[in-house]
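Below is one structure, written out as structure tokens; comments come after it.
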Number of protein chains: 2
Amino acid sequence: MNSRTPGSGATRQERKQRTRQALLDAALLLLEQQSFSSLSLRQVTRAAGIVPTAFYRHFEDMDELGLVLIDESFRTLRAMIRAARADPRTYEHIIHNSVQILVGYVHEHDSHFRFIARERFGGVAVLRHAIRGEIRLFASDLATDLARFPYLDRWGTEDLQLLAGLIVNAMVSTAEAILDAPPQDPSAEAEIVTTARRQLRMITLGVPQWHSSEGHDSRSSPAAPSRPTVTASSADTAASRLHDSP
Amino acid sequence: MNSRTPGSGATRQERKQRTRQALLDAALLLLEQQSFSSLSLRQVTRAAGIVPTAFYRHFEDMDELGLVLIDESFRTLRAMIRAARADPRTYEHIIHNSVQILVGYVHEHDSHFRFIARERFGGVAVLRHAIRGEIRLFASDLATDLARFPYLDRWGTEDLQLLAGLIVNAMVSTAEAILDAPPQDPSAEAEIVTTARRQLRMITLGVPQWHSSEGHDSRSSPAAPSRPTVTASSADTAASRLHDSP
DNA sequence: GTAGTCTGTGAACAGTCGTACACTGACTGA
DNA sequence: TCAGTCAGTGTACGACTGTTCACAGACTAC
């Protein structure tokens, strides 16, 4: 059937796939310097080394290319999460390691992160919604992960989502800060990293204090203090579990 | 000297100022649907009802107009902060009220917030940097505000900046979430607001546990647990001060 | 009153844009 | 081998872009 010619140029499908990837790569490269809405079809094809009209052999729209880029970028993010999850030193140094992994990925896949950060609230609605959906999915995954922690395993789904959202927020802000830091200034980045770790620590410090039942209506109970009923020792222990100190 | 004609068309300066503002308003309106980098000078002048070339009578660049828009937008934000600060019910219901004020301002000055959110990581570098600077200034202001709280008044500047950064992050995320929520779905927004309040509560719950000295190098002390030395009761009291329960 | 200032006009320019269309020529499958 | 597929080419089109220049005409200052 397919007389796959292993010679010079490879099969037709492979070559098509190669130019398609060239278009994606060229777009991603250009998007480091500008936003998607100002990126023209002609710019992309020019950078990819093909004629403008050939673009339509691969994508119907620039929008379609954008969606593929989002998918590609989030595949990177998912790989990052998998790496963090696979870390054998979970529970210990978890904050330190997570931030470490984040920073590594942001550097390695700079353009993917930059693209997502830029288009998260960019002008193109379809990209915005796609990204929003992915991040939501992301927080959900983290929430299920969090459920495996002692102490947290007794939390409700809603509260775990809450905490996950908080953590994802901090992580996203950190990634964005790193992307915007002066490129060759290690001290600036170090400060961002330190801040991120401390902020995450600060968040986790609140965890043992949190009780789902009292948080559901924050403006109610004008008389009842409804303080956490957790004891000091248990709170302390639970807090230290999420901390860096082994 | 100036024979200010109070009649029909007002003075020349006033009329110039009026078309200038028309340009700004037109741009802001257009920016609800697209990003700044894709906004053309001709679009703005068309919407403002003047000829393209007249644009240069008011701004040298589109970039200059963008910077003015940022200034205008942050003036709104500063007014919001002043409103929150002026609230006599500080300390009590502070989280609830702050979120309330935020939501009100986001709705009232929708386009300002939308513009800033969109351009915070947009394609135009000069706008990005301007916004980043303003937000930093913002967190600093909040940090000084926080210093007036009991318990927090003994914190160092650095730690206050840290906490302020967390809060600003949460607020920014909340504003962005509101902007992206389905316009006429009150339940979606209510959920965002509730989430924001809970997240802020979660953050403040960590506050009493925080000790500056132990947080400065999160990967150190591999042996010493270095737990918070604060007693359970004091932590509890300090936490409740920042909470909604009066 | 008059000369001068200055906001807004209108035509024109060189570019860039997305896309339609007819085409080439190498690879494909029988 | 040979007809067919199809990635990539080249030309052409109307629309839109930022910016120039000379000009009009209402307001200003003396």
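Here the structure is a predicted model, which means the values were calculated and not measured.
The side chain of A/T53 approaches C/dT19 more closely than any other nucleotide in the set C/dT19, D/dT20, D/dG18. Residue B/Y56 has its side chain nearest to D/dT20 when only D/dA7, C/dT9, D/dT20 are considered. Across C/dG18, D/dT9, D/dA7, the shortest atom-to-atom separation from the side chain of A/A54 is found for D/dT9. The side chain of B/R42 approaches C/dA12 more closely than any other nucleotide in the set C/dT19, D/dT9, C/dA12. Comparing atom distances between the B/R15 side chain and each of D/dA26, C/dT7, C/dA12 picks out D/dA26 as nearest.
Atom pair B/K16:NZ and C/dT9:P shows a separation of 14 Å (rounding to whole Å applied).
Partners of A/D63 by salt bridge (Lys or Arg N to Asp or Glu O under 4.0 Å), not counting sequence neighbours: none found.
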Using side chain to side chain donor-acceptor pair (under 3.5 Å), reason through A/H58 and A/Q21 one step at a time and then give a plain yes or no.
CA-CA 10 Å; A/H58 304 275; A/Q21 194 57 48; over 6 Å; no

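Listed pair A/R46 / C/dG18 fails the phosphate criterion, with no side-chain N or O lying under 4.0 Å from OP1 or OP2. For the OP1/OP2 pair of C/dT28 and a distance below 4.0 Å, the side-chain nitrogens and oxygens of A/T11 include at least one atom meeting the criterion.
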Protein-nucleotides 1-5 of chain D N/O pairs closer than 3.5 Å?
residue, atom, partner, partner atom, Å
D/dT5, O2, A/R12, NH1, 3.1
D/dT5, O2, A/R12, NH2, 2.9

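There is no side-chain donor-acceptor pair under 3.5 Å between A/E134 and A/H129. Between the side chains of B/Q161 and B/S140, a donor-acceptor pair is found at a separation under 3.5 Å. If you check the side chains of B/E119 and B/S35, you find no donor sitting under 3.5 Å from an acceptor.
Environment of CD in B/E191: sparse, with no more than 12 heavy atoms of neighbouring residues, nucleotides or ligands closer than 6.0 Å.
Place A/R57 and A/L41 on DNA chain C by their nearest nucleotides, and A/L41 ends up nearer the 5' end.
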